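The figures that follow rest on heavy atoms only: side chains count, while hydrogens, waters and symmetry mates do not. Just so we're on the same page: letters track the sequence lines, and every chain starts at 1. This structure is a prediction, so every number in the text was calculated from the model and none was measured.
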Amino acid sequence: EAQVTQNPRYLITVTGKKLTVTCSQNMNHEYMSWYRQDPGLGLRQIYYSMNVEVTDKGDVPEGYKVSRKEKRNFPLILESPSPNQTSLYFCASSLSRNEKLFFGSGTQLSVL
Amino acid sequence: GESVGLHLPTLSVQEGDNSIINCAYSNSASDYFIWYKQESGKGPQFIIDIRSNMDKRQGQRVTVLLNKTVKHLSLQIAATQPGDSAVYFCAGASFGNEKLTFGTGTRLTIIP
């Protein structure tokens with residue numbers, strides 16, 4: 001089944017403790033992206049990747065890192081999480097830019 | 001830059017009636033639009049898309065209408081069912097822009 005898989009589904013952590021949210025897609029998509037979703041603000045792009053080893057900042061990149069060493073994986077790294085990063089995070093992929101995005105099920109992150 | 005929004009944050013519709021969800025955009029260069037459905041606890045799910053060379057596109061029980069003159073987009077759902085209850089949001093992109101911009105969403109509630 002074609003899908004985007006995120007892990008973990010839920011995560012509670014404390015301020016400053018590094019964490020990684022994994023994302024994997026099995027559709028051979030070139031484009032991958034991370035979003036955060038907050039009430040009243042909709043989906044905001046954090047980082048995106050056009051292809052392996054090609055990443056760029058989205059609208060809200062501060063406090064986040066990404067890497068794209070393999071085509072299928074696009075992990076999101078929070079080196080020193082803070083409470084304002086408490087949010088619902090989605091990974092998404094598409095065949096290429098400006099094509100329809102396929103989303104993962106989301107990761108609900110709480111930073112205490 | 002691109003701005004995409006929705007007219008109403010909530011919409012209640014009687015089961016069996018048709019639903020119309022609206023979306024406005026600001027960038028006249030926008031040439032690709034998508035409607036997504038997000039059920040509680042899930043990631044956004046693709047419903048239908050349309051390119052700017054079209055005014056209308058139909059899917060199964062859904063129709064998207066694009067009015068480029070007033071920069072307005074609508075999603076029509078025929079014979080609304082309880083399973084249609086979700087948040088619906090539109091996304092838009094313009095040629096050469098590698099990311100979709102998302103609206104904040106309309107929560108559709110179906111009244112039995």
Distance in Å, A/Glu99 CD paired with B/Tyr32 OH, rounded so as to fall on 0.5 Å steps:
5.5 Å
Less than 4.5 Å apart, any side-chain heavy atom of B/Thr104 and any of A/Leu41?
no
Answer key: most heavy-atom pairs under 4.5 Å with chain B among A/Ser105, A/Cys91, A/Gly106, A/Ser96 is A/Ser105
Among B/Gly43, B/Pro44, B/Ala91, which has the most heavy-atom pairs under 4.5 Å with chain A?
B/Pro44
Centres of the B/Tyr36 and A/Phe103 rings: under 6.0 Å?
yes
Per-residue contact mode, A/Arg9 against chain B (heavy atom under 4.5 angstrom)
side chain
Mind checking the CD1-NZ spacing from B/Ile34 to A/Lys100? Nearest 0.5 Å is all I need.
8.5 Å
Could you give the distance from CZ (A/Phe90) to CD (B/Gln38), rounded to the nearest 0.5 Å?
4.5 Å
Report whether A/Phe74 and A/Val52 are members of the same hydrophobic cluster (ILVMFWY, side-chain heavy atoms less than 4.5 Å apart, transitive linking).
no
Would a hydrophobic clustering, with Ile, Leu, Val, Met, Phe, Trp and Tyr connected at side-chain separations under 4.5 Å, put B/Phe33 with B/Ile47?
yes
CD1 of A/Ile12: more than 12 outside heavy atoms within 6.0 angstrom?
no
Is it the case that one hydrophobic cluster holds both B/Ile50 and B/Leu65, taking links as side-chain heavy atoms less than 4.5 Å apart, direct or via other members?
no
CG of B/Leu100 to OH of A/Tyr48: how many Å apart, nearest 0.5 Å?
12.0 Å
Check the surroundings of atom NZ in B/Lys68: do more than 12 heavy atoms from other residues, nucleotides or ligands lie under 6.0 Å from it?
yes
Give, as side chain, backbone, both or neither, the part of B/Gln45 having an atom under 4.5 angstrom from any heavy atom of chain A.
neither
For the hydrophobic clusters of this structure (ILVMFWY residues joined by side-chain heavy atoms under 4.5 Å, transitively), does one cluster hold both B/Phe89 and B/Phe46?
yes
OG1 (B/Thr101) and CG (A/Leu43) are apart, to the nearest 0.5 Å, by 11.0 Å
Counting only heavy atoms not in A/Arg44, do more than 12 fall under 6.0 Å of its CZ?
yes
Determine, using the 4.5 Å side-chain heavy-atom cutoff (strictly less than), whether A/Met32 and A/Phe102 are members of one ILVMFWY cluster.
no
